[in-house]
Amino acid sequence: MVTSQSSVAEEHLRRIQTVTDAGLAHLTVEALLDELLSRIRELLHADTAAVLLLDENHNELVATAAKGIEEEVEQGVRLPVGAGFAGRIAANGQPVILERVDHGKVLNPLLLRRGIRSMLGVPLTTGDGVIGVLHVGTLYPRRFTEEDVELLQLVADRVALAVEAGRQHEHRVIAETLQRSLLPDRFPHLEGVEIAGHYQPAHGGMVGGDWYDVFLLGLESLYVVVGDVAGRGLPAAVAMARLRSAVRAMALVEETPGGIISRVNDFLLQFDQGVMATMLVGVLTPDGTVRYASAGHMPPLVVDRQNRARLIEEVAEPPLGGSSSGRYRDRTLTLDAGSSLVLYTDGLVERRGFPLDEGLEALCRAVETPWINLDSLCARVFQPEPQLADDLALLTLRYTGSHPTETLHATIDADLRELGPLRRKLGRWLSSCGADEQQAQDVLVAVGEATANAIEHAHGPGRGTVEVDALASGGMLEIRIRDRGAWREARGTDRGLGRSLMAALMDEVTFESREDGTIVTMRKRLTA
Amino acid sequence: MSVRSETRITRDGSWVVVAWSGEIDMTNASPLESDTLSVMLNTDAGLTVDLTDVGYIDSAGIRSILNIRRLVAERQQRLLLILPETSLLNKALEIAGIPALIPIHRSTAAAREAR
């Protein structure tokens with residue numbers, strides 16, 4: 001009899017384990033707890049079972065899941081830690097048995113109204129301490145045994161692990177959503193400035209508190225912000241969101257970046273104590289002047305027209321949230337036409353086991369390679385270690401100055417016979433943009449290869465069009481060839497030559513396969 | 001035709017000289033290749049392809065040159081190219097590795113001497 005009872009208990013326990021092991025990945029914390037409580041009730045022959053989770057901010061227990069007393073959850077019952085049955089369990093981290101439920105010991109009116117006579121509760125504990133309480137109750141007087149306590153505690157440990165894992169997953173999803181929603185998805189337009197931003201979570205998708213922001217105030221003041229909140233996960237993402245708003249608000253009233261940073265620091269010290277962050281705020285005007293101030297942030301990098309990188313290192317000022325240091329200083333740098341400003345967070349240059357200086361040097365070397373886009377920049381800096389330990393944010397502004405922008409658009413039928421006329425049209429345009437004969441030839445061959453690919457691969461005979469867009473500005477040439485069709489991989493191996501030509505004749509070639517077609521983007525610097 | 005190209009064939013004893021001109025791309029590379037090969041006799045010693053007046057060549061044109069080289073070599077015949085140093089085609093041919101495979105001469109006279 002004893003044997004068969006304990007084997008039934010083992011079977012129940014095994015079923016609970018099955019839920020905690022398999023369910024974590026698929027269920028929300030609430031759904032998982034709901035499932036677990038049903039099984040716990042069976043296991044301990046109880047009439048009610050409930051989980052209350054700790055709300056650390058208010059030091060209260062919140063009814064999160066319940067069986068037999070579902071109202072507890074529906075009404076969102078909150079109980080103070082330290083008082084009452086559940087409150088004592090949470091405060092002391094020890095199991096409590098109530099053989100006779102009465103008003104003195106139980107604060108939750110629902111339990112009394114339900115006519116619950118006996119209760120057993122145990123703490124939910126993880127490495128960080130008590131995170132909640134699990135309790136069962138019976139509608140008849142019952143004497144819970146030591147074995148009951150042990151069994152419930154065993155289950156509670158599994159529940160705690162499940163809750164912790166589920167919460168971490170939820171936090172990660174929320175943090176990532178928050179992060180993505182706050183990064184600008186398009187940039188404001190300021191004549192003569194090209195902007196690109198990149199955010200990359202740490203390895204495993206873990207977001208942190210890195211961000212960038214770009215906004216225009218008035219017609220000609222382009223604000224750029226890059227910052228890094230200490231810590232990671234949801235708390236860092238939330239702090240980042242508040243900081244970002246604070247910067248925008250202060251920018252409306254403060255005249256200078258130093259003023260904005262000083263005020264944001266006051267804001268943190270007043271309303272968000274404990275948050276530490278580094279941040280750089282800059283204002284770019286159409287003449288190429290950047291006024292900026294930095295609260296302990298990584299030094300900005302300027303890449304000149306000849307692709308030489310220069311770190312702008314100044315006397316460091318303290319990070320935000322450290323102390324009320326008074327005013328942050330305004331500094332000025334000037335961008336010549338064709339040069340770029342690179343702003344970034346330490347995730348880009350700090351790698352495990354490498355000194356910071358080496359990371360900065362790697363960044364400088366990476367940006368000195370002719371005209372690269374942000375993705376290839378990140379790939380270059382991180383070649384030895386693709387798995388990021390930290391998240392990173394990167395913002396680049398290319399100042400093209402007052403150069404006029406020349407554009408060309410051509411839509412051609414997907415027919416190889418269109419290649420000749422396209423070459424002549426593009427050739428005339430290239431020479432009007434100042435390309436010399438060899439440069440024009442290089443571009444014509446590369447565009448010819450890409451266009452022929454688009455015609456041959458993306459369309460059946462006699463159907464569809466290919467669009468060619470070219471843009472020249474400040475000595476840079478960018479050409480996009482776009483088709484609207486399903487890309488097929490090249491037939492045979494001889495297509496390799498066309499791609500080799502494109503790659504060798506242009507400074508940069510990227511292929512982007514999309515659902516509605518393929519875009520090939522090629523860039524080349526035309527000035528000597 | 002939208003692509004302007006021309007082939008001029010001359011015979012000098014057992015040596016064939018083919019001068020291509022204009023633009024060579026996917027639309028005309030194949031016909032140029034077969035026109036060129038069609039004049040070769042089994043008894044010929046070699047072929048010179050003169051690219052002096054070619055203003056444009058793409059990967060299809062380069063592949064045709066490589067095809068011609070293969071077919072000529074199979075018949076134990078020689079292939080020479082004429083391409084002035086100033087030609088805009090040099091870069092693309094270099095990228096394709098042509099100079100390592102086929103002797104390139106800078107003038108008609110130099111190619112004649114190399115026969």
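First the proteins, then the strands, lettered A, B, ... as listed; each starts at 1.
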I would like to know whether B:I95 and A:L505 meet side-chain contact (heavy atoms from CB on, under 4.5 Å); could you show each step before the answer?
-> CA-CA 9 Å; B:I95 292 164; A:L505 294 171; 3.4 Å; yes
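- For the pair B:D25 and A:R423, the minimum side-chain heavy-atom distance is below 4.5 Å.
- For the atom pair CG of A:L501 and CD1 of B:I62, the computed distance is 5.0 Å after rounding to the nearest 0.5 Å.
- Residues of residues 81-90 of chain B that come within less than 4.5 angstrom of chain A, heavy atom to heavy atom, are B:S87, B:L88, B:L89 in numerical order.
- Listed here is the closest heavy atom pair of A:V445 and B:I57: CG2-O, 3.7 Å.
- Around CZ of B:R75, the count of heavy atoms belonging to other residues, nucleotides or ligands within 6.0 Å exceeds 12.
- Counting heavy-atom neighbours within 6.0 Å of B:R106 CZ, excluding the residue itself, gives a total above 12.
- Heavy atoms from other residues, nucleotides or ligands lying under 6.0 Å from CD of A:E437 number 12 at most.
- Crowding of B:E74 atom CD: a count of heavy atoms from other residues, nucleotides or ligands under 6.0 Å exceeding 12.
- What you find for B:E23 and A:G420 is that their closest heavy atoms are OE1-CA, 4.5 Å.
- Atom CD of A:Q438 sits in a crowded spot, with more than 12 heavy atoms from other residues, nucleotides or ligands closer than 6.0 Å.
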Evaluate side-chain contact (heavy atoms from CB on, under 4.5 Å) for B:K91 paired with A:Q441, printing each intermediate quantity in order.
-> CA-CA 9 Å; B:K91 196 166 171 183; A:Q441 179 82 358; over 6 Å; no
